[in-house]
Structure formats: C-alpha cells, structure tokens
Amino acid sequence: QVQLVESGGGLVRAGGSLRLSCSSSGSTFSSFGIGWFRQAPGKERDFVAAVNWIGGNTFYADSVKGRFTVSRDNAVNTVFLQMDSLKPEDTAVYYCAADPSHRYFDTFYSSEGRYHHWGQGTQVTVSS
C-alpha cells in the first residue's frame, strides 16, 4: 500500500511563497510519476504540475507556469512543489498523486485516471 502525505500548506499573502512536500515511506516511490492537483471550493479538481519518475521531465498547467516549480529527491522519497508569486486564485486544497505506470506519462501526465494513489491534501490559502 502506497501512502502519500502532503505538507507545507498554509496562509500566505498574495505575492508570497510556499513549498509543498509530498512524502512516502514506500520503497517504490522513486519509480512513480508524481502529479500535483488542486481543488478550489465549488470547483473540480485541476492539474497543477507533474514530474516523471526520473525527475528529468516536468510539466505545468498554463495558470502556474513560470511561478511554480516541481522537483523530486528520490533519496528521501519526496517531491516538492515550490510556489512563488502566489495569487488569491491559487487558493485550494492541493493533492499529490502517484502513477505507478511509466507508459505514456510524458504525454498523459494531467489525466487523473492514471494516478492510483492520492494523498489527503493540504490547504493553501492566499489572501489579497
């Protein structure tokens, strides 16, 4: 059973920064593609960013490109989401998810259905 734990959420003013972490105790974490998604109140869950299992390829939603950076450190089984220049519209619950399949990850990284394991989410609130 793969368990993912997000941390690092909180309240920040517009223009500020936060760094989210997604950690797992599983030995297979380094073989998973990892995606970040977010869900704002009353809205559907949307793709934010993803990194493949090697860490060489990263992907972003247009709304966060240039402001968010996803990275991973497989030595400590952790994926990070550095969020800079935060805006009130970034307010949401942020989830990380793991994809155990390597097939076509670099093409379909934003598809929720390929992610088999999800964390419980961490709240990010950006005040204006």
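Because the structure is predicted, anything quoted here is derived from the model rather than measured.
The closest side-chain heavy-atom distance from Gln82 to Ser71 is not below 4.5 Å. A 4.5 Å side-chain heavy-atom check between Tyr109 and Phe47 finds at least one atom pair inside the cut-off. Taking 4.5 Å as the limit, every side-chain heavy atom of Asp99 sits out of range of all side-chain heavy atoms of His117. When side chains are defined from C-beta on, Val79 counts as touching Phe29, because their heavy atoms get closer than 4.5 Å.
Using a distance-only test at 3.5 Å, with no hydrogens or angles considered, a donor-acceptor pair links the side chain of Arg114 to the main chain of Arg103. Checking side-chain atoms of Arg67 against main-chain N and O of Ser85 turns up a donor-acceptor pair under 3.5 Å. Judged by distance alone, with hydrogens and angles left aside, the side-chain atoms of Ser24 form a donor-acceptor pair with the main-chain N or O of Gln3 at under 3.5 Å. Put simply, the side chain of Gln39 never gets that close to the backbone of Ala92: no donor and acceptor are under 3.5 Å apart.
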Determine, step by step, whether Glu6 and Trp36 satisfy the side chain to side chain contact (heavy atoms under 4.5 Å, CB included) criterion, reporting the C-alpha distance in whole Å, the side-chain angles of both residues, the deciding distance to 0.1 Å, and the verdict. CA-CA 10 Å; Glu6 302 98 336; Trp36 285 96; 4.0 Å; yes
Please evaluate residues Thr122 and Tyr94 with respect to the criterion side chain to side chain contact (heavy atoms under 4.5 Å, CB included), reporting the C-alpha separation (whole Å), side-chain torsions for both, the decisive distance (0.1 Å), and the verdict. CA-CA 5 Å; Thr122 186; Tyr94 283 71; 4.2 Å; yes
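For the disulfide bond (SG atoms under 2.5 Å apart) condition, the pairs that include at least one residue of residues 24-127, sequence neighbours left out, are Cys22-Cys96. The list of disulfide bond (SG atoms under 2.5 Å apart) pairs with a residue in residues 60-91, not counting sequence neighbours, is empty. For residues 31-44, the set of pairs meeting the salt bridge (charged side-chain N to carboxylate O under 4.0 Å, His left out) definition, not counting sequence neighbours, comprises Arg38-Asp90.
Residues Leu4 and Ala98 approach most closely at CD1-N, 3.6 Å, considering heavy atoms. Of all the heavy atoms in Phe80 and Asp73, the pair that sits closest is CE1-CB, 4.1 Å. Residue Leu20 comes nearest to Gly9 through the heavy atom pair CD2-N, 3.5 Å, listed as atom of the first residue, atom of the second, then distance. Listed here is the closest heavy atom pair of Ser25 and Asn77: C-ND2, 4.1 Å. Counting all heavy atoms, side chain and backbone alike, Tyr115 lies closest to Ala50 at OH-CB, 3.9 Å. In this structure, Leu18 and Leu86 approach most closely via the heavy-atom pair N-CD1, 3.8 Å.
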Please list, one pair per line, the donor and acceptor atoms closer than 3.5 Å that link side chains of residues 55-64 to other protein atoms, with sequence neighbours excluded.
unit_1	atom_1	unit_2	atom_2	d
Asn57	ND2	Asp106	OD2	2.5
Tyr60	OH	Val70	N	2.9
Asp62	OD1	Lys65	NZ	3.2

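Hydrophobic cluster membership for Tyr104: Phe108 (Ile, Leu, Val, Met, Phe, Trp, Tyr linked by side-chain heavy atoms under 4.5 Å, directly or transitively).
A search for ring pair (Phe, Tyr, Trp, His ring centres under 6.0 Å) contacts involving Phe68 returns nothing, not counting sequence neighbours.
In this structure, Arg72 forms no cation-pi arrangement with Trp53, as its terminal cationic atom is not both closer than 6.0 Å to the ring centre and no more than 45° off the ring axis.
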